Protein chains: 2
Amino acid sequence: MSHWVYGRLMSVDRTQVLRAAAALLTRKATATMDEVARAAGIGRATLHRHFAGRDALVRALEELGLQELEAAHDRARTEEGPADEAVRRLVAEVEPVGPLLSFLVTENQLFEGDQQNEGWARLDARVSALFRRGQEQGVFRIDLTPAWLTEAFYGLIGSGAWAVQDGRVAAKDFQYMIVELLLGGARRSVEK
Amino acid sequence: MSHWVYGRLMSVDRTQVLRAAAALLTRKATATMDEVARAAGIGRATLHRHFAGRDALVRALEELGLQELEAAHDRARTEEGPADEAVRRLVAEVEPVGPLLSFLVTENQLFEGDQQNEGWARLDARVSALFRRGQEQGVFRIDLTPAWLTEAFYGLIGSGAWAVQDGRVAAKDFQYMIVELLLGGARRSVEK
DNA sequence: ATCGAATGAGACACTGATGTCTCATTGGGT
DNA sequence: ACCCAATGAGACATCAGTGTCTCATTCGAT
C-alpha cells in the first residue's frame with residue numbers, strides 16, 4: 001500500500017514537498033493548493049496525485065510535525081536527569097518545529113468534532129509526565145498543575161515562534177527567553 | 001455618517017450582534033456569514049446591511065476587542081503600585097477578553113501586508129511599559145526583554161483561554177496559573 | 001389606525017478554490 | 001535507442017461562500 005515508492009521513478013520526494021508546504025503554510029495559512037504546488041516547485045496536478053486534497057495534505061503535515069516532535073523529545077531524553085535541565089533540552093530541540101507546531105494547532109481548532117490524531121495526546125502525556133516528574137523531584141512547584149504547564153509550554157513555543165517569524169523579537173533569544181520564563185518567571189528572585 | 005442610529009428604529013443592536021459573532025467565531029473561526037447571522041438571531045441580509053462584508057465584520061470585532069482590552073488596562077490601573085501586583089490585576093481584567101483576543105491574533109496573521117490597526121501597537125506599548133516599569137522598580141528580572149514578556153503575556157492569555165474553552169484545563173484556575181507562571185515560573189524557589 | 005423604516009426570506013450572479021480529466025513531454029531504467 | 005512511468009500545463013465541471021437585489025412583512029412612532 002505504498003503509493004510513494006514506485007518501481008522506477010521517485011521524481012517527487014514526498015518529504016521535500018511536505019517541507020515546502022510547511023514552510024509556506026506556516027507563513028500564510030490560507031495558501032491555496034496552487035500556491036503550495038508552486039512553492040514546492042511542482043504542478044498542481046502532481047500535488048493532487050500525492051495528496052488527495054487539502055485535507056490530506058494537512059493530515060500529512062500533522063504526521064510530519066508529530067514525528068518531528070516525538071524525535072525532538074527522544075533527543076532531549078526528558079526522562080533523564082533533573083527536570084529543569086530536561087525542559088531546557090526539550091525547548092532547544094523543539095524550537096525548529098515551532099512554526100509548524102503553531103500552524104497545526106491553529107489548524108486543529110477547525111477540525112472541531114472530528115477525531116483528533118492520538119499523537120497529540122501522546123505528546124501531551126510526555127510533556128505532562130516531565131512536569132510531574134519535576135514536581136516529584138521537588139524541582140518544580142506543585143501548585144501549578146502539569147496540564148497547565150503543558151499548555152503553557154506549547155503556548156510559549158507557538159507564540160514565540162510566531163513572534164520571531166514576524167520579526168517582533170530576535171530569533172537568537174528564543175530558547176533563553178522561553179526557558180527562563182517557563183522555569184523562573186518574570187519576578188526577580190533572591191536566588192540567581 | 002452614523003448608519004446605526006436611525007430616526008425611529010434600532011431593532012438590531014450592533015453591539016449585540018458583535019458579541020454573538022464573537023461568541024461564535026471564537027469557537028469556530030471559519031463560521032460562515034450565514035452562521036454568524038443565525039447565531040445573532042438575524043437574517044443574513046440584515047447582517048450585510050450592518051457590516052459591508054466579512055472583512056468589515058472582522059474589523060469591527062477587532063475594534064470591539066481593542067476597546068475591551070484598553071478598558072481592561074484602564075481598570076487594572078497598571079501604572080499604579082508594584083508592577084507584579086499590577087500584572088495580577090491586568091490578567092484578571094483581561095481574562096474575559098481572552099477568547100476574542102485569541103481569535104483576533106489568529107485572524108490578524110492572515111492580513112499579511114495590509115496595514116495593521118495601530119491599536120495593537122498601543123496595547124503592546126502599554127504592556128511593554130508595565131514590564132519595563134517593573135524592571136526599573138527592581139521587581140522584574142532585567143534579562144528578559146519587555147518585548148518578550150509582552151509576547152509571552154499575550155501568548156499565555158490566548159492559549160490559556162483556548163485550553164479552557166476546549167475543556168483541557170479548569171476555568172477557575174485560569175487567573176492563578178497564568179499569573180503565577182508568568183511571575184514566578186515553574187521552578188520551585190526558596191522564597192514562597 | 002396609519003405610515004414608513006427596518007427586517008427576513010429568498011433569488012440571483014459572481015468569484016475563487018477544488019477536484020478530475022486529458023494530453024503532450026520528460027527523463028530514468030533497461 | 002527505446003519504453004513507459006511520472007510529470008506539467010491546461011481545460012473543465014463543481015461547489016461553497018459572498019455580495020446584491022427584490023418584495024412582502026413587521027413593528028415602533030405618531
Side-chain angles (χ1 to χ4, degrees), chain A residues 1-22 24-62 103 106-107 109-114, chain B residues 1-22 24-62 103 106-107 109-114:
Chain A
M1 184 63 59
S2 47
H3 318 285
W4 52 89
V5 174
Y6 298 93
R8 301 181 170 222
L9 291 180
M10 296 206 319
S11 309
V12 170
D13 181 359
R14 182 185 161 98
T15 300
Q16 203 107 6
V17 173
L18 279 179
R19 299 218 172 268
L24 174 59
L25 287 171
T26 52
R27 280 180 292 110
K28 186 183 177 185
T30 59
T32 209
M33 287 293 272
D34 191 84
E35 292 174 297
V36 171
R38 288 179 193 286
I42 64 176
R44 194 166 68 95
T46 305
L47 180 61
H48 268 284
R49 286 188 192 102
H50 286 265
F51 304 96
R54 192 192 177 73
D55 259 28
L57 177 62
V58 172
R59 299 299 179 134
L61 279 174
E62 185 177 41
F103 166 75
T106 305
E107 202 72 10
Q109 296 178 177
L110 309 182
F111 288 164
E112 289 223 23
D114 305 19
Chain B
M1 184 64 59
S2 47
H3 319 284
W4 53 89
V5 175
Y6 298 93
R8 298 181 171 222
L9 291 180
M10 296 205 319
S11 310
V12 170
D13 180 0
R14 180 184 164 98
T15 300
Q16 203 108 5
V17 172
L18 278 180
R19 299 218 172 267
L24 174 59
L25 288 172
T26 52
R27 280 181 292 109
K28 185 183 177 185
T30 59
T32 222
M33 288 293 274
D34 191 84
E35 293 175 296
V36 171
R38 289 179 192 287
I42 63 176
R44 194 167 68 96
T46 305
L47 180 60
H48 268 284
R49 286 190 191 101
H50 285 265
F51 304 97
R54 192 193 177 73
D55 259 28
L57 177 61
V58 173
R59 299 300 179 131
L61 279 174
E62 187 177 40
F103 165 75
T106 305
E107 202 72 9
Q109 297 177 177
L110 310 182
F111 288 165
E112 290 223 22
D114 305 20

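Keep in mind it's a predicted model, so treat the numbers as computed, not measured. We name chains A, B, ... by the order of the sequence lines, and we start the count at 1 in each one.
Regarding contacts with the backbone of C/dT7, a side-chain N or O of B/His50 is found under 4.0 angstrom from either OP1 or OP2.
Rounded to an integer number of Å, the gap from B/Leu57 CG to D/dG19 P is 10 Å. Between the NE2 atom of B/His48 and the C1' atom of C/dA11 there is a distance of 14 Å, rounded to whole Å. Distance CG (A/Leu47) to P (C/dT18): 10 Å, rounded to an integer number of Å. Rounded to an integer number of Å, the gap from A/Phe51 CZ to C/dT20 C1' is 18 Å.
The structure places CG of A/Leu57 at 11.5 Å from CZ of A/Arg59, a figure rounded to the nearest 0.5 Å. Taken from CD in A/Glu107 to CG in A/Asp55, the straight-line distance is 8.5 Å, to the nearest 0.5 Å. The distance from the OG1 atom of A/Thr26 to the CG atom of A/Leu61 is 9.5 Å, given to the nearest 0.5 Å.
Applying the salt bridge (Lys or Arg N to Asp or Glu O under 4.0 Å) test to B/Glu35 and every residue at least two apart in sequence or in another chain returns B/Lys28.
Residues of residues 28-44 of chain A that place a heavy atom closer than 4.0 Å to DNA chain C, in numerical order, are A/Thr32, A/Met33, A/Arg44.
By the neighbour-count criterion of 12 heavy atoms within 6.0 Å, atom CZ of B/Arg54 is densely surrounded, having more than that number from other residues, nucleotides or ligands.
The base of C/dG19 is not paired with the side chain of A/Arg49 by any donor and acceptor separated by under 3.5 Å.
The one candidate from B/Arg44, B/Arg49, B/His48 that meets the side chain to side chain contact (heavy atoms under 4.5 Å, CB included) condition with B/Thr46 is B/Arg49.
Here C/dT18 is the nucleotide among C/dT18, D/dT20, C/dC21 with the atom lying nearest to any side-chain atom of A/Arg54.
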